[in-house]
Amino acid sequence: MCGIVGYFGKRKAAEILVDGLRRLEYRGYDSAGIACLYNGGIEVIKNPGKIRDLRSKVFANPSATITESTLGIGHTRWATHGPPNELNAHPHVDVTGHFALVHNGIIENYKDIRKVLSQKGIECVTDTDSEVLVQLISYLYKDNLEDAVSEALQQVKGTYGIVVITDYEPAKMVVARCGSPIVIGIGRNETLVASDASAIIPHTRDAVYLEDFDMAVITDQGMEMCNVNRSPINREVTAMDWDEGSAEKGDFDHFMLKEMFEQPQAIRNAIRGRLDLEMGTAVLSGLDFSERDAAQINRLLVVGCGTSMHAGMVGEYAVEEMAGVNAEVEQAAEFRYRNPIITPNDLVVAISQSGETADTLAAVREAKQKGALVAGLCNVVGSTIARETGRGVYLHAGPEIGVASTKAFTCQVSVMLMIALKIARTRRMPGHDGSEFARWIQRLPELVEEVLEQNDAIKAVAQKYAQCEHAFFIGRGYLYPAALEGALKLKEISYVHAEGYHAAELKHGPIALLQENTPVVALLNNIPGKEKTLGNAEECKARNAPVIAVVSAGDEGVADGFDDIIVVPDCPPAIATVPTVVALQLLAYHIAAARGCEIDQPRNLAKSVTVE
Ligand code: F6R
């Protein structure tokens, strides 16, 4: 959601801050700003709208002092409290003008704090919850910024990632975290702060990830760490493994398109070294459980949100089918609040690309509290879910910048299939079946390549339907999650109202909505259930809805009588979700492109959803 960047060093801060904010654009935002210390004062420039507008404003006057500063903070805001205007944009400055702050998260007791401040004659001027923090820090300040920040944070309920500066101490920046990620990059003679690594990758690879209630005091003498109660702590410096190029679009029109085309390599990275073809199993050392541990798992519970939850459904089906182990997938927020029954032999797998999704994180904490074995399936190394679960499997998909998740999904499914294989091999699955399945997982990258080769054909189909306002996706078995994911992709980037349904469910209500300009994408791959879905597709056709048939190569005849065809490779049911979803990603992308949508940053969406 909101993004944070901070810089203290020898170089000019404004350029680094604005560039860092540009790299965070993908998180979703509606306004942005920077504040820098210079010549004994604080200068702030904020803007509703895009980073390019902020850039013009900052650099409009090249002699402006803000561009000379070597210490500053920046922020992209995704509005929660108050509209996205200049006043509500961060950084926020206190009434005296001596303190500036950027904040991610939500201050739940901001109204109480605002009332107390008002009784002391300090009136907040913005609609935001964040402003109270800078006013409170200023009010509590005596002669040391970290003391004032620490005291203020002890009065706060809610979540925060903050960076604070004051012109009283012009060689200092104070950073703190509770619930909103903060990474500190250690460069040569400079320190950078960000809400996610992509903002600082060009400058350094050495990073310290703050944990909840950590504070860092950055000065020209280096960095000191303590907790918000001011007891000293130590945090390791770790190496960030993403390269700079992976956070750039290159020759592609959009990050989403680039990331779709990266999928073969991303899946290769996700499965590399993790398949044992001879034993017909998966080697997932990060899960940190032996065959004996795997043999004792009674039930698999998968939690996640959105696309990650859809990947979990494929895992659910595969574990039940291949391992004969009870498996369930649940929306993380539902899991967290409905007091689920968990027993010690349950394995809870939390799936999250960002590793920061608030509901998934809360589900992890709840599952741990109830004594389950909890593993994380995250893409972002060092993310909160990855750290709190302590065991799991990294996706190694590389940074996913497009708001619509693509390569993370296919890597999540690949990893879930490996988890299913590992558990299955401790049960009745014979070695030769395990080896065969492992070989199919190994073939996933080439199956995806086959789909990507059809980009032009899929684009032609997309252009036919680009002006529709409604669409349905139907599938069964392993293609049911594919239908849900196809509909989600389409609605989020093209704003076409799209629904994914189990093919059998259409007749129980939604079929009433079908008409001649409402296409139905029917997933008719050659897997069990095809004949039934075919019948459902015929029912749609009989109601004048155009049908786009997705069929397996060699089985094109199934599409006879339908309006359009998309061909995907023929493969076993558990494998079929991945190539099918890649085809649906392309379909959604080209429909959105034809409609002129802002594909990488769809309206109202944020890349990592750190509020409930
Ligand atoms: C859709 C999408 C979202 C995310 C969801 C969970 O394209 O990206 O539905 O999948 O917000 O995010 P993570 O995986 O970061 O927990």
Side-chain angles (χ1 to χ4, degrees), residues 1 26-28 78 179-181 195-198 254-257 259-260 263 266 270 302-315 329-336 349-364 375-389 392-395 397-413 415-416 473 481-482 484-496 498 500 581-582 584-589 592 597-612:
M1 307 198 101
Y26 76 94
R27 295 170 68 102
W78 190 83
S180 293
S195 47
D196 96 48
S198 51
H254 297 97
F255 276 109
M256 184 183 175
L257 188 63
E259 287 159 8
M260 288 189 293
Q263 290 182 105
V302 188
V303 291
C305 303
T307 289
S308 295
M309 181 179 67
H310 297 157
M313 288 174 73
V314 183
V329 65
E330 191 157 356
Q331 211 288 339
E334 195 58 16
F335 176 91
R336 143 190 213 183
V349 173
I351 309 189
S352 175
Q353 187 285 130
S354 62
E356 304 293 347
T357 300
D359 285 320
T360 312
L361 177 59
V364 163
L377 226 112
C378 299
N379 192 34
V380 178
V381 176
S383 56
T384 311
I385 293 174
R387 282 186 289 109
E388 291 208 8
T389 47
V393 187
Y394 276 122
L395 303 178
E400 191 179 66
I401 307 288
V403 164
S405 189
T406 52
K407 62 178 178 175
F409 174 84
T410 45
C411 289
Q412 287 163 345
V413 172
V415 173
M416 281 311 303
F473 290 70
L484 297 179
E485 179 58 12
L488 178 60
K489 283 292 90 78
L490 183 61
K491 74 182 109 187
E492 65 184 329
I493 60 167
S494 72
Y495 315 139
V496 171
V581 166
V582 174
L584 301 184
Q585 292 168 352
L586 288 171
L587 184 69
Y589 173 83
C597 298
E598 270 214 61
I599 292 177
D600 283 334
Q601 292 150 40
R603 70 179 178 218
N604 304 338
L605 295 186
K607 182 66 182 164
S608 114
V609 182
T610 50
V611 292
E612 285 184 48

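Indexing begins at 1, ligand by ligand and atom by atom, following the structure's order. What you see below is based on every heavy atom in this structure, not just the backbone, and it leaves out hydrogens, waters and symmetry mates.
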Using modelled atom types only, decide if a donor and an acceptor are shared between the side chain of [X] and the backbone of [Y] within a distance under 3.5 Å.
X: Lys489; Y: Ser405; answer: yes
X: Lys407; Y: Ala397; answer: yes
X: Glu259; Y: Ile401; answer: yes
X: Asn379; Y: Pro399; answer: no

Closest non-hydrogen protein atom to [atom], residue and atom name please, with distance?
atom: atom 7 (O) of ligand 1; value: Glu492 OE2, 2.5 Å
atom: atom 16 (O) of ligand 1; value: Thr357 OG1, 2.4 Å
atom: atom 3 (C) of ligand 1; value: Thr307 N, 4.0 Å
atom: atom 11 (O) of ligand 1; value: Val609 CG2, 4.1 Å
atom: atom 15 (O) of ligand 1; value: Ser354 OG, 2.6 Å
atom: atom 6 (C) of ligand 1; value: Cys305 O, 3.4 Å

Nearest option to atom 14 (O) of ligand 1, as decided by whichever heavy atom of Ala404, Gly304, Ala332, Ser308 sits closest:
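Going through Ala404, Gly304, Ala332, Ser308 one by one, Ser308 has the nearest heavy atom to atom 14 (O) of ligand 1.
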
Taking only heavy atoms of Gly306, which atoms of ligand 1 are found under 4.0 Å from at least one of them?
9 (O)

Ser352 heavy atoms, cut-off 4.0 Å: which ligand 1 atoms fall inside?
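Near Ser352, meaning under 4.0 Å from one of its heavy atoms, ligand 1 has 13 (P), 14 (O), 15 (O), 16 (O).
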
Tell me whether ligand 1 is touched by Val403 - counting only heavy atoms on the residue side and a distance under 4.0 Å.
yes

Closest non-hydrogen atom pair, Gln263 against Met260
NE2-O, 3.0 Å

Taking all non-hydrogen atoms of both residues, which atom of Ser352 and which atom of Thr360 are closest, and how far apart?
CB-CG2, 4.4 Å

Distance alone, cut at 3.5 Å: any donor-acceptor contact between the side chains of Glu485 and Thr307?
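Short answer, yes.
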
Is there a donor in the side chain of Glu356 and an acceptor in the side chain of Ser383, or the other way round, less than 3.5 Å apart?
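No, Ser383 and Glu356 have no side-chain donor paired with an acceptor closer than 3.5 Å.
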
Under 4.0 Å, heavy atoms only, figure out whether ligand 1 is touched by the backbone of Lys489, its side chain, both or neither.
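Just the side chain.
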
